[in-house]
Each structure stands twice: as structure tokens, then as C-alpha cells.
Amino acid sequence: MPEGHTIHRLASDLVRDLHGAVVAASSPQGRFDADPADGKVFAGATAVGKHLLLRFRDPETELDVSEQIHIHLGLFGKFKRFKNEVARDSGAIRFRLVGAVYTWQLTGPTACHWMSPEEVESLRGRIGSDPLDATADPERAWATVARSRRPLGALLLDQSVFSGIGNVYRAELLFLLGVHPELPSKALGRARFDELWRLSVELLARGVRERRIATTPKVAGVRVTKRESLYVYKRRECRKCSGPIVAIQLAGRPIYCCERCQPAEKLP
DNA sequence: AGCATATGACGAA
DNA sequence: TCGTCCTATGCTC
């Protein structure tokens, strides 16, 4: 389920398992040149929106490998963890990292390749405000939101404006905000933008903790069931008003909303 | 066994 | 806006 929370969680799990360890790296599928990482020290993982960057160090020279592995899971990608003795060569494994105890296996990514420092810099430059990045600057997103006539529901999926938000989070965020997905972005206003950013930070962070997207409240601190974890995404009936949930095509993908709780606004 | 489906993004037109 | 790529999973027959 790769929206930003998945990638940030992945980065911290990889660091927890492998940081400082010499790793064996390979590409059983043969579609990636893992050799530059083989026998190197795993030196860190960073999530940038939905992008994952992996760093390595040469154990002899103590020098960092200047290129980093750039991974983007896309819609189908998975990066799964196994105990070393259980991991096996099934399916199309693009990239495998073996540490002392755990093996991580990547399948189906949209991207898995080496990136030069310049390319990494350029990637960071084109990625919008990331709610999961403590140093993120929401003013950058606001600058676009305040000017654009595009529907807000389209901007939320545009990774150069916001990053890490995907199709589930965008639907849930707009529902919680009570805003119709087709509202022209510039009509949102500063107060509602601030609330949108606050909700994004809160919900994506919760996604990292719970390893899934959940936007409905816990009852007595208890984790809600999967069925009850979302307000509108792929649902038929609104959890608040029991009205119908409609799916509108926006930015090429369906966005689910309750047009009673998220009324279209009359614009001046 | 076969098929529909999926939380993404890109390039061509 | 459309077609294309990437793969696993869970249904249906």
C-alpha cells in the first residue's frame, strides 16, 4: 500500500534492521546492477515523499558510496522482510539485501536504479511539501494552492505540490476537511489550507505508526478494523450522514466523496 | 487456470 | 486523456 507513510516506515525499518551492517546485495531477477552495494555497509535510508533512497559505505576505505539507490514502488512495488533462513527465490525479485538476521526483497517497483548526487538533488528539488518531513515547508505548497485554478483534488495528487499523499489519503483528507474535490484550489483559503496541512501531518504520521491508512477515530484507544478505518475511500455509504458516496474521475483516478458532507461551493 | 484489481507515474498525442 | 509499465493477491470458474 504505497503512499508516503509506507515509504517512511520502510526507511525506518530498513535502518533498524541493517544500519551499520555489511550487506549482501543482489538482483535475482537480473534487472538491476546491485554489485556496487554488495559487501558494503548499509549507511542509511531516507524517504522523500514516495521515493526511497539507500546509501552505502565502503568498509575498507570508510568512504561513502556517492551514488544512492533510488527506489519508487509505484502501484505494485513491495519491499518485504524475511528472516534470512526463510527468504527464498520466488517470483521476480528486483533487489535483495541480506543482513545478519533479515533479508529484504523488492518486487515490482516502478524504479530501482543508482542515482548520482546531482540526480538526488534534482529529485529533492522537484518534490513538493512532504507532511512526513519534519523540516518540510508548507508555504511552498500554499504558494501553489493559493494561485491555482486546478481542482484541489488534483493538486493533492501532484507530487510536485504535496508529496506522499496518494489516492486514499486525498479522498479522506478532503472528506475530513468537508471540501468538495473539484473546488478550485485558490478558493480554499488560508485557514482551510492550514487545517489541511495539519490533518495531513497527523494522518500520515498515524499511517507510519499503524502501518496502514486509518482516518477514523480509535474507540477507547483500540485500533479500528480495516472495514471501519476509512470514511469514504471505496465506500458506498457515508459514515457520517449515510448519504451515497460518489466516485468522481479527477486527475485520471477515482476520488470518492460524500456530496452532502462535501458540498460544491458557490464561487463569487 | 484465468482474470480483475491495486494506495503510481511517465510519455505520447 | 490515454496507453504503458511493474507484480502479487484474491476472487471466480
At under 4.0 Å, does any side-chain N or O of A/Arg253 touch on OP1 or OP2 of B/dA9? no
Any donor-acceptor pair under 3.5 Å linking the side-chain atoms of A/Asp33 with those of A/Trp114? no
Under 4.0 Å from OP1 or OP2 of B/dT7: is there any side-chain N or O of A/Arg211 that close? no
With sugar-phosphate meaning primed atoms plus P, OP1 and OP2, does A/Thr110 contact a base, only sugar-phosphate, or nothing at under 4.0 Å between heavy atoms? base
Is any side-chain nitrogen or oxygen of A/Gln29 closer than 4.0 Å to OP1 or OP2 of C/dC6? no
Looking at B/dA9, I'd like to know if its phosphate oxygens (OP1 or OP2) sit under 4.0 Å from a side-chain N or O belonging to A/Gln159. yes
Checking side-chain polar atoms at under 3.5 Å, does A/Arg147 have a donor or acceptor matched by the opposite partner on A/Ser185? no
Sugar-phosphate only, base, or nothing, as touched by A/Arg170 at under 4.0 Å among non-hydrogen atoms: nothing
Check every strand shown and say whether A/Arg126 touches a base, only sugar-phosphate, or nothing at a heavy-atom separation below 4.0 Å. sugar-phosphate
Under 4.0 Å, heavy atoms only, any strand: does A/Gln249 hit a base, just the sugar-phosphate, or nothing? nothing
Do A/Arg150 and A/Asp158 touch side chain to side chain, with heavy atoms closer than 4.5 Å? yes
For A/His72 and B/dA9, is the shortest distance between a side-chain N/O and OP1 or OP2 below 4.0 Å? yes
Whole-Å distance separating the CZ atom of A/Arg212 from the C1' atom of B/dT7: 14 Å
Side-chain N or O of A/Lys50 less than 4.0 angstrom from OP1 or OP2 on B/dA9? yes
Worked verdict on A/Ser116 versus A/Glu119 for side chain to side chain donor-acceptor pair (under 3.5 Å): CA-CA 5 Å; A/Ser116 68; A/Glu119 288 170 315; 3.3 Å; yes
Using a heavy-atom cut-off of under 4.0 Å over every strand shown, decide if A/Tyr169 touches base, sugar-phosphate, or nothing. nothing
If stacking means aromatic ring centre less than 5.5 angstrom from the base's six-membered ring centre, planes under 30°, is A/Phe76 stacked on C/dT7? yes
